[in-house]
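Here's the structure, in structure tokens; my notes come after.
These values consider heavy atoms only, across backbone and side chains, with no hydrogens, waters or symmetry-generated copies. Keep in mind the model is a prediction, meaning the values are calculated, not measured. So that the names make sense, note that chain A is the first sequence line, chain B the second, and so on, each numbered from 1.
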2 protein chains.
Amino acid sequence: MKTRIKAFFDSLQPLPDTEWKAFESCFERMTFQKEEELLSEGRACDFIGFIESGVIRFFQVKDGTEKVTAFWFSGDFLSNYRSFLSGQASDHYIQALTDGSYYRLKREALLKLYDQFPLIDRLGRLMAERLYLMVTNRLDNLLSQTPEERYMQLQSKNSKLLQEIPQYMVASYLGISPESLSRIRKRLSTR
Amino acid sequence: MKTRIKAFFDSLQPLPDTEWKAFESCFERMTFQKEEELLSEGRACDFIGFIESGVIRFFQVKDGTEKVTAFWFSGDFLSNYRSFLSGQASDHYIQALTDGSYYRLKREALLKLYDQFPLIDRLGRLMAERLYLMVTNRLDNLLSQTPEERYMQLQSKNSKLLQEIPQYMVASYLGISPESLSRIRKRLSTR
DNA sequence: GTGATTTCTTAACCAAAGTCAATCACCCGA
DNA sequence: TCGGGTGATTGACTTTGGTTAAGAAATCAC
């Protein structure tokens, strides 16, 4: 499996050979095409994954308009983890913005691994904890910053995102209308 | 330990006697007084806890004004879990709004338990997963609802909160100014 | 390359919430 | 009981972002 993904898990909890082999062998490599839906609203998400290549967005449809919750790139965690954990139907879509590929681990296989290997159970704890940190970061960000501040932060920390993603999707991710983002950009450029 | 708190952990992962005894014995009962700070900004949070009685708020100071992130009541989980996990200084205060008590488990003790008992490690995973679900709920709520909708939801789902907490703190929790909340209330009452 | 579609920008107008300031209502303690 | 303090409300005004509509720019398909 891709070294990047191994690095992710190693940073959480290095696994001895036996565990790693068992763990790794449960991943399947999947490919996707631009526009493809990896998960539809209404279905429970029964996998987690890690992107090898390509760009993916995580969004929901609210009152007829699309609200983007996240963009994912190579190396990123890929799942509706909430639906994955709760078993409830997803309120989000997962959709490819480009062609690409990812490594998929099905829920059932992961639960078996948790039961078989305490160290993988611990890895699961550390993964949940890491994801908790990520989502609280985003929450904090939304609570404490204005759209303009969020855009500036995106520019400085994640400029790759701005280059690869249409602006109206970025606007949605920032929680504003495309027109507002356009205004913000204009405001910033004339300073 | 309080039955409510046992019920919380039982709902995640029932523990056999040995594990439960070891787990329970690591909790300490703590009391607090109105206004007391259970955690100050700048310190790492080195415990998790569960409230036995009383009301607590979780807030940060941003540009000189207090922003309330959460209110906690009897039975609720109590920690800056983010700081607890990352070891980084807390950007939030934890402060008592009333007199009360809670059961505290120190980080060091929990980490030892994780190492000693795989089942408690699993309990930790399920706890992290549960907390993940709670924070994504809040995130969704903030992203997809207007302040007015959030207030109405609070009324229907958490009216206890509205009775026990000063309005200006509720406003802060909703992400608006006290004046705006006052106007929203007026708007709603004349419908 | 050309036409069509999609994306981005701009403008005018509107609604919601913020700010500032004044006032009201209530509680509590001396 | 009176006065002070806290919290809630109201009003005037400002700011910000949403909406609608139009047009410009970029991209795509043939």
Side-chain angles (χ1 to χ4, degrees), chain A residues 33-36 55 57 59-69 71 95-99 141-155 159-191, chain B residues 33-35 55 57 59-68 71 95-99 141-155 159-191:
Chain A
Q33 295 191 312
K34 188 171 175 172
E35 312 268 280
E36 187 177 333
V55 182
R57 70 169 172 155
F59 72 100
Q60 68 189 127
V61 177
K62 190 93 189 171
D63 305 324
T65 59
E66 299 176 351
K67 306 252 182 187
V68 178
T69 302
F71 299 104
Q95 188 196 35
L97 294 180
T98 65
D99 293 356
N141 189 287
L142 278 165
L143 274 177
S144 65
Q145 293 187 281
T146 64
E148 185 165 325
E149 287 168 334
R150 292 203 287 280
Y151 179 73
M152 287 190 296
Q153 187 175 319
L154 212 56
Q155 274 190 320
S159 58
K160 178 181 64 168
L161 194 154
L162 295 177
Q163 285 147 31
E164 298 190 39
I165 311 270
Q167 244 172 67
Y168 71 94
M169 288 190 193
V170 174
S172 169
Y173 174 73
L174 293 171
I176 57 178
S177 68
E179 293 90 339
S180 285
L181 178 54
S182 189
R183 276 191 287 236
I184 286 171
R185 282 160 52 78
K186 191 178 183 183
R187 224 159 43 215
L188 292 178
S189 71
T190 59
R191 266 190 207 155
Chain B
Q33 296 191 311
K34 189 172 174 170
E35 312 266 283
V55 182
R57 70 169 173 154
F59 72 99
Q60 69 189 128
V61 177
K62 189 93 189 173
D63 303 324
T65 60
E66 298 177 351
K67 305 252 183 186
V68 178
F71 299 105
Q95 187 196 36
L97 295 180
T98 65
D99 292 356
N141 188 287
L142 278 166
L143 275 177
S144 65
Q145 293 186 280
T146 63
E148 185 166 323
E149 288 167 334
R150 292 204 289 279
Y151 179 72
M152 288 192 294
Q153 186 176 319
L154 212 56
Q155 273 189 321
S159 57
K160 178 181 66 169
L161 194 154
L162 295 179
Q163 286 147 30
E164 298 190 39
I165 312 267
Q167 240 172 70
Y168 72 92
M169 287 190 193
V170 174
S172 169
Y173 175 71
L174 293 171
I176 57 179
S177 68
E179 293 93 332
S180 286
L181 178 53
S182 186
R183 279 183 208 120
I184 286 172
R185 283 159 52 80
K186 191 179 183 184
R187 221 152 55 209
L188 292 178
S189 71
T190 59
R191 267 191 207 155

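The nearest pair of heavy atoms linking B:Leu181 to B:Gln167 is CD2-O, 3.5 Å. Looking at every heavy atom in both residues, B:Glu148 comes nearest to B:Leu188 through OE2-CD2, 3.6 Å. Among all heavy-atom pairs drawn from A:Ile165 and A:Leu161, the shortest one is CG1-O, 2.9 Å.
Rounded to a whole Å, the CD atom of A:Gln145 is 13 Å from the P atom of D:dG17. Across the protein-nucleic acid pair, B:Asp63 atom CG and C:dG18 atom P stand 14 Å apart, rounded to whole Å. Spacing between atom CD of A:Glu35 and atom C1' of D:dC28 amounts to 13 Å, rounded to whole angstrom units. Distance CD1 (A:Ile165) to C1' (D:dA26): 18 Å, rounded to an integer number of Å. With rounding to whole Å, A:Leu162 atom CG is found 17 Å from C:dT7 atom P. Spacing between atom CG of B:Leu188 and atom P of C:dA16 amounts to 12 Å, rounded to whole angstrom units. Regarding B:Glu66, its CD atom lies at a distance of 10 Å from the P atom of D:dG7, rounded to whole Å. Computed from coordinates, the A:Gln163 CD to C:dC8 C1' distance equals 17 Å when rounded to whole Å.
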Pair up each side-chain donor or acceptor in residues 168-175 of chain A with any protein partner under 3.5 Å, not counting sequence neighbours, and list the distances.
| from | atom 1 | to | atom 2 | distance (Å) |
| --- | --- | --- | --- | --- |
| A:Ser172 | OG | A:Glu66 | O | 3.2 |
| A:Ser172 | OG | A:Val68 | N | 2.7 |

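Of the residues in residues 166-185 of chain B, those with a non-hydrogen atom less than 4.0 angstrom from any atom of DNA chain D are B:Pro166, B:Gln167, B:Tyr168, B:Glu179, B:Ser182, B:Arg183, B:Arg185.
The side chain of B:Arg187 contributes no N or O atom lying less than 4.0 Å from OP1 or OP2 of D:dT9. Residue A:Lys186 has a polar side-chain atom (N or O) positioned under 4.0 Å from OP1 or OP2 of C:dA11.
In terms of modelled atom types and a separation under 3.5 Å, the side chain of A:Gln33 and the main chain of A:Asp99 share no donor-acceptor contact.
At a cut-off of 3.5 Å, with distance as the only test, no side-chain donor of A:Gln145 or A:Arg150 sits close to an acceptor on the other residue.
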